[in-house]
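Let me begin by presenting the structure, written as C-alpha cells, before commenting on it.
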Amino acid sequence: MSFRPLLVTLLAAAVATAGCAGNTSRDVLLVSAAASLTDAFNGIALAFEADHTGVDVQLNFAGSSSLREQVLGGAPADVVATANPDTMAPLVDADLTTSDPLVFARNRMAVAVPSGNLAGVSGLEDLADPTLLIGLCDEAVPCGSLARAILLRAGITAAIDTNEPDVRSLLTKLEADELDAGIVYITDVIATGDGIEGIAIADAINLATDYPIAALRSASDPQAAEEFVDFVLSTRGRDILARHGFELP
Amino acid sequence: MTGPVRRTTRPPALVLVLAALGLAVFVVPLLGLIARVPWSRLPELLAGDVVGDALRLSLLTSIAATVISALIGVPLAWVLARMEFRGKSLVRGLVLLPLVLPPVVGGAALLFALGRRGIVGGPLNDLTGIVLPFSTGGVVLAATFVAMPFLVITVEGALRNLDARFEGAAATLGASRWRVLFRVTLPMILPSLAAGLALTWARALGEFGATITFAGNLQSRTQTLPLAVFVALENDRDTAIALSLLMVVVSLGVLIGLRDRWWRSW
C-alpha cells in the first residue's frame, strides 16, 4: 500500500485549513453573548463595526450555561458576555479570560403574559395556578435560577408546564400565546414590544442579575477583542444598553 | 454471511484512505464521548430519578409514535405504491419533508398548527379542551412527525418491489381484499415492515428539536432522554454523558439487530 495519497490528502487538508484561518482571523470578531442580550448586542455590534471598519462582529447567542460549556469545550470565541457571574466564573477559573470580567449591565425580572392577557394573570401569585400554562427558563440558565429564587422569596410554588432552554424560546411561546405566563427579564418585555405584556414584580421580592463581559485568551485578534469590551463599557455602549432597558452599574 | 459469493477487488489506496476518513466522521465523536464516561459513577448516575423518568417517557412516547406510524403510515405507503393520481410526486415530497427539514422547524410548524391558538389546535381546544403543546401527547406527535417518513419510504419501496401477481392469484382464488392484504401482501413485505418500524422507533427515540419546540421540557411529562441530555449538559455533565452512552447503546443495538433485514430490504 502506498502512503503517497494519504500524504497528499493530509497536505491538502492542512493547506485548506491554514488558508481558512488566515483569511478569517483578521476580520472576524466572534462574540458569544447571553440570549437576553440579543437586541442590545446587535445594536452594539453595528455601532462597533461602524467605528472599526474591517472588523466583522459575529454574534453567537445562547443561554449563558450553553455559552460556558461551548467556551470550556474549546469553541472559538473572542469575547464572552453572560447573564450572571456564576456562568462566567468557571471561565476565569480555567484561565481562559485575559483579565477579570467586568460588569457592564444589570437586569431585573418581570412576569410576562401574551398581549391581551386572556388568562387574566395579575401577578406572581398566578404562577401557582395549575389550570394555567406556565413556563420558566430551565434552572440551568440565569433567567431560570433567578425566577426560582424570586418565587422562593415570594413563597410561591409555580405550576410549571415547561422549562425552556433559554429566555428567547420562552418568549417565543409566550408571544404565540401558547403559554399564559412566565418570568423573563424586564429587557425582554421591552424588546418584544407588542407581543407580550409585562407585570412588575414587587421590588422587595424582585432580584437583579449582573452581566459580566471578558475577552478570551484564545482571541484570534486580542486587540479587537479588548476594543470591543471597552466599547461595551463606553458611553456609547451604555447608551445602547440603557435604550434596551438594562440598568447600568 | 449467506448469499452469493461476491468478487471483491482491492480498491485503490486513496479510496481506502477516504473511506477511513468517512468512517472517522462517525467514530471519532463516539470515542470522544466514551473517553469522558465516568465509569465508576455510571450506575449511580443512571439510577437518578431524572434518568428513570426520561427513560420511561422516551420508551412510552417512541413506542406510541411507532404504533401510530404503523396505523396511518402503512396505508399511506400503500396509496403511494399502488395508486396513480395527480400530484403524487408532491404528496411524496410532503411525506419525505420531515427527513430533511430541521426538526426545530417542524416543531414550530406543529406549534402554529396544533397549539391552542393554531389553525387546527384552536378548534380542537374549543371542542374538546385538549391542549397538545406541553403534554405527553405533544411529544408523541412531534416524534411521529419526524419518524413516520422512515416507515412510509421503507414500506412503499417494498410494496413497489412486490410482484403483484401473488396478490392477483389470491384474489382470483376468491380471497377478499382485506384477506389478500393481511394474508399475502403484509406477510410478503414483513422484513421491510419490521425494518421500517425499527428505524421509525429509533428516530422517534432520538427526537429532540421538534419535541422541545412543540412540547416543551418538563420532567416526567415531556422531558425525554434527548431533552434530559441537553439540559444535563448545562449543569451536570457526568449525567449528560451517562445518558448519552445509554442512548448510543440502545440505538446501536437496534441498528445492529436489524442489520440483515435492512440489507435485504434495500
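Residue numbering restarts at 1 for every chain, and letters A, B, ... go by the order of the sequence lines.
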Please look at [X] and chain B and tell me whether the side chain, the backbone, both or neither of the residue comes under 4.5 angstrom of a heavy atom of that chain.
| X | answer |
| --- | --- |
| A/Asp138 | side chain |
| A/Leu170 | neither |
| A/Ser66 | both |
| A/Leu118 | side chain |

Taking side chain as C-beta onward, heavy atoms only, is A/Glu69 less than 4.5 Å from B/Leu233?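 They are not in contact (no side-chain heavy atoms under 4.5 Å apart), so the answer is no.
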Pairwise side-chain contact, A/Asp161 with B/Arg221, heavy-atom cut-off 4.5 Å (strictly under):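 SC-SC contact between A/Asp161 and B/Arg221 confirmed.
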Which bit of B/Leu227 is near chain A, if near means a heavy-atom gap under 4.5 Å: side chain, backbone, both or neither?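 Neither the backbone nor the side chain of B/Leu227 comes within 4.5 Å of chain A.
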Heavy-atom proximity to chain A below 4.5 Å, by part of B/Arg117: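 Its backbone and side chain both get close to chain A.
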A/Asp93 atom CG, over 12 foreign heavy atoms within 6.0 Å: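 Result for CG/A/Asp93: enclosed.
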With a sphere of 6.0 Å drawn around CZ of B/Arg36, does it hold more than 12 non-hydrogen atoms of other residues, nucleotides or ligands?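 It does not: B/Arg36 CZ has 12 such atoms or fewer within range.
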What pair of heavy atoms forms the shortest contact from B/Gly216 to A/Thr162, and how long is it?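 Distance-wise, the nearest heavy atoms are CA-OG1, 3.1 Å.
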On a heavy-atom basis, which atom in A/Glu178 and which in B/Phe134 lie closest, and how many Å separate them?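 Looking at all heavy atoms of both residues, the shortest contact is O-CE1, 3.3 Å.
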For B/Thr213, does its backbone N or O pair with a side-chain atom of A/Lys173 as donor and acceptor, under 3.5 Å?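 Present.
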Highest number of heavy-atom pairs under 4.5 Å with chain A: which of B/Gln223, B/Gln219, B/Arg116?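 Top option by heavy-atom pairs under 4.5 Å: B/Arg116.
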Distance, nearest 0.5 Å, that separates SG of A/Cys137 from CG of B/Asn217: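 Interatomic distance, A/Cys137 SG to B/Asn217 CG, rounded to 0.5 Å: 11.5 Å.
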Return each pair, listed once, that meets salt bridge (charged side-chain N to carboxylate O under 4.0 Å, His left out) where at least one residue sits in residues 57-68 of chain B; pairs must be two or more places apart or across chains.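 Qualifying pairs: none.
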Given A/Asn163, which partner from the list B/Leu218, B/Ile212, B/Thr222 fulfils the side chain to side chain contact (heavy atoms under 4.5 Å, CB included) test?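 The passing option is B/Leu218.
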Quiz: residues 149-157 of chain A side-chain donor-acceptor pairs under 3.5 angstrom, not counting sequence neighbours:
unit_1: A/Arg153; atom_1: NE; unit_2: A/Ile205; atom_2: O; d: 3.0
unit_1: A/Arg153; atom_1: NH2; unit_2: A/Ala204; atom_2: O; d: 2.6

